[in-house]
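Please read these numbers as outputs of a predicted model, since none were measured by experiment.
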Amino acid sequence: MMAFSLKPLRQQIIVITGATSGIGLTTARMAARRGARLVLAGRSEGALIELERELSRGGDRAVTVTADVGKPADVQRISRVARQMFGGFDTWINNAGVSMYGRLLDEPIEDMRRLFETNFWGLVYGSLEAARYFKDRDQAGTIINVGSTLSDRALVLQGMYSASKHAVKAFTDALRMEVEMDHIPISVTLIQPGAIATPYSQHAKNYMKTEPTNPPPVYSPETVAKTILYCAENRERHVYVGAGGKGIGMMGYYAPRLADLLMETLFARQQQSDRPPVRPRRDNALDRPSGDLRQRGDYQGHVSESSLYTTASLHPMLTGAALVGAGLAIKTLWSSKHHSERRQRAEGARGVDH
């Protein structure tokens with residue numbers, strides 16, 4: 001691995017696609033608070049105008065681009081705006097994504113293709129645009145691709161989404177190897193979130209007879225945003241957000257038949273609420289922009305606001321030291337407790353003797 005370093009976040013210009021909802025919106029707001037300048041892309045012009053006003057804070061901290069990442073010309077325009085407004089960029093985050101619930105036999109091929117245009121080809125266009133930019137300038141930079149735990153293990157009733165995220169992982173791994181072979185100073189990271197409490201299921205196109213929902217465990221979008229921004233400053237190959245998704249991936253690898261059975265029974269039920277569909281089928285982000293600035297959706301269950309597993313994977317030495325320190329503290333408290341009890345017993349015995 002060639003040696004190069006990445007800028008602190010406060011010195012960076014960051015491109016984020018899918019910036020008006022969920023993980024992208026949360027990441028944009030968090031990056032703005034930490035001093036980064038932002039180039040924010042999405043399909044909803046009205047939401048982008050509102051977000052630019054919010055994050056610019058009367059200055060030029062953020063600029064927005066109305067773009068559909070499934071169109072190469074739109075992705076090139078994002079890059080062009082970044083160069084015109086800020087002189088370039090340091091990190092490119094491919095976050096834009098859409099989804100669809102239902103059985104594969106019930107879903108039209110045109111919907112499957114449209115999903116891939118955003119989730120896979122949009123990410124490819126963004127990655128290649130960023131890679132060429134960094135290569136041409138011999139500039140260190142970061143490409144962060146938002147995949148999924150479903151990049152490792154397909155989930156029933158989200159078959160095409162799973163397929164697109166499998167493709168994202170393969171492309172990201174291949175790109176990483178190529179830039180390393182060519183000694184181009186680019187950090188290529190795959191982020192693999194588990195189920196996240198964004199408007200994901202509300203924005204999805206739904207071919208089921210019930211309103212879709214997330215299977216637990218479910219994590220906050222802030223857990224993903226923190227991970228993404230950590231990887232903008234630190235070189236990481238891939239990061240799972242949430243231990244639940246990591247566990248599913250491992251089970252799929254080591255016990256695939258058991259994973260199949262769990263998907264067909266438990267996970268199939270957990271993705272279907274007890275409510276009929278809330279929105280008409282045509283009202284979905286696959287077919288048109290959502291147009292709202294919402295970080296979280298309407299998930300009714302418990303949401304984990306942090307992931308100890310993800311923290312441990314990003315800070316193994318610190319976590320190890322903390323665990324050792326906690327172990328020593330517990331041992332000290334335990335020894336102190338027993339020493340006190342022994343002393344009290346001894347004093348009691350002396351009192352009896354008197």
Side-chain angles (χ1 to χ4, degrees), residues 17-18 22-24 27 69-70 92-101 104 112-113 115-128 130-131 142-179 187-198 200-201 204 214-219 221 223-225 227-228 230-231 235-256 258-260 262-263 267 270-271 286 307 309-310 313-314:
T17 68
I23 292 170
T27 304
V69 296
W92 185 296
I93 301 168
N94 288 301
N95 165 74
V98 292
S99 190
M100 183 165 57
Y101 284 82
L104 295 170
M112 297 179 179
R113 288 184 178 277
L115 183 147
F116 257 80
E117 286 295 336
T118 298
N119 292 10
F120 178 67
W121 286 108
L123 179 142
V124 170
Y125 300 148
S127 296
L128 296 180
T142 305
I143 298 170
I144 298 176
N145 290 339
V146 179
S148 169
T149 55
L150 305 186
S151 296
D152 295 334
R153 169 70 219 189
L155 183 61
V156 68
L157 300 181
Q158 293 191 61
M160 288 313 297
Y161 180 83
S162 300
S164 71
K165 294 302 183 177
H166 271 62
V168 162
K169 182 180 187 301
F171 169 80
T172 304
D173 288 345
L175 178 63
R176 184 187 303 108
M177 289 186 286
E178 288 191 14
V179 299
S187 175
V188 180
T189 300
L190 179 68
I191 305 292
Q192 294 184 249
I196 308 299
T198 66
Y200 171 88
S201 59
N214 277 321
V218 175
Y219 298 86
T223 60
V224 191
T227 303
I228 289 172
Y230 176 89
C231 294
R235 298 172 64 186
E236 296 287 340
R237 176 186 174 87
H238 69 268
V239 185
Y240 292 91
V241 182
K246 173 64 173 177
I248 291 171
M250 291 179 66
M251 181 172 60
Y253 183 82
Y254 291 107
L258 175 60
D260 287 349
L262 284 174
M263 293 291 174
F267 282 87
Q270 288 181 337
Q271 293 179 87
L286 183 66
S307 169
Y309 168 80
T310 302
S313 68
L314 293 175

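The shortest non-hydrogen separation linking A259 to G252 is CB-CA, 3.9 Å. Looking at every heavy atom in both residues, A195 comes nearest to P215 through CB-O, 3.4 Å. In this structure, P217 and G244 approach most closely via the heavy-atom pair CG-CA, 3.9 Å. Scanning all heavy atoms of the two residues, the minimum distance from Y230 to L314 falls at OH-O, 3.2 Å. Nearest heavy-atom pair, P193 versus G147, reported as atom, atom and distance to 0.1 Å: CD-O, 3.5 Å.
No donor-acceptor contact under 3.5 angstrom links the side chains of T27 and N95, judged on distance only. Using modelled atom types, one finds a donor on one side chain and an acceptor on the other under 3.5 Å when comparing Q192 with D152. For the residue pair Y240 / T149, no side-chain donor-acceptor distance below 3.5 Å is found, with atom types taken as modelled.
With N94 as the fixed residue, the side-chain hydrogen bond (donor to acceptor under 3.5 Å, both in side chains) test singles out one of N145, T17, N119: N145.
The closest side-chain heavy-atom distance from M112 to L115 is not below 4.5 Å. Residues V69 and Y125 are not in side-chain contact: their nearest non-hydrogen atoms beyond the backbone lie 4.5 Å or more apart. Contact of the M251 side chain with the L258 side chain is registered, since non-hydrogen atoms from C-beta on lie closer than 4.5 Å. Using a 4.5 Å cut-off on side-chain heavy atoms (C-beta onward), V239 and S313 make contact. When side chains are defined from C-beta on, R237 counts as touching R176, because their heavy atoms get closer than 4.5 Å. Here the side chains of T189 and H238 are not in contact, with every heavy-atom distance at 4.5 Å or above. Looking at Y200 and Y161, their side chains come closer than 4.5 Å, going by heavy atoms from C-beta outward. Contact annotation: the side chain of I228 approaches that of I23 to within less than 4.5 Å [non-hydrogen atoms, C-beta and beyond].
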I'd like to know whether F120 forms a side chain to side chain contact (heavy atoms under 4.5 Å, CB included) with K165, so could you lay out the CA-CA distance, the side-chain angles of the two residues, the decisive distance to 0.1 Å, and finally the verdict. CA-CA 7 Å; F120 178 67; K165 294 302 183 177; over 6 Å; no
Given side chain to side chain contact (heavy atoms under 4.5 Å, CB included), test Y253 with R153 step by step and report yes or no. CA-CA 8 Å; Y253 183 82; R153 169 70 219 189; over 6 Å; no
Could you walk me through whether Y309 and V241 satisfy the side chain to side chain contact (heavy atoms under 4.5 Å, CB included) test, starting with their C-alpha distance in whole Å, then the side-chain angles of each, then the deciding distance to 0.1 Å, before giving a yes or no? CA-CA 8 Å; Y309 168 80; V241 182; over 6 Å; no
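With rounding to the nearest 0.5 Å, the separation of OG in S148 from CD in Q158 is 8.0 Å. Atoms OG and OH, on S307 and Y219 in that order, are 5.0 Å from each other to the nearest 0.5 Å. For the atom pair CD1 of I93 and SG of C231, the computed distance is 9.5 Å after rounding to the nearest 0.5 Å. Atom CD1 of I144 sits about 10.5 Å away from atom CG of L190, to the nearest 0.5 Å. Separation of atoms CG (L262) and CD (Q270) is listed at 9.5 Å; rounding is to 0.5 Å. Of the inter-residue distances, the one linking I191 atom CD1 with T172 atom OG1 reads 10.5 Å to the nearest 0.5 angstrom.
One N or O on the side chain of Q271 and one on the backbone of V156 form a donor-acceptor pair closer than 3.5 Å. Remark: the backbone N or O of G242 is paired with a side-chain donor or acceptor of T310 at under 3.5 angstrom.
Residues satisfying the side-chain contact (heavy atoms from CB on, under 4.5 Å) test with A130, not counting sequence neighbours, are F89, W92, F134, I143. M250 is linked by a side-chain contact (heavy atoms from CB on, under 4.5 Å) to K246, Y254, counting only residues two or more places apart in sequence or in another chain.
Contacts classified as salt bridge (Lys or Arg N to Asp or Glu O under 4.0 Å) and involving residues 116-128 (residues at least two apart or in different chains) are not found.
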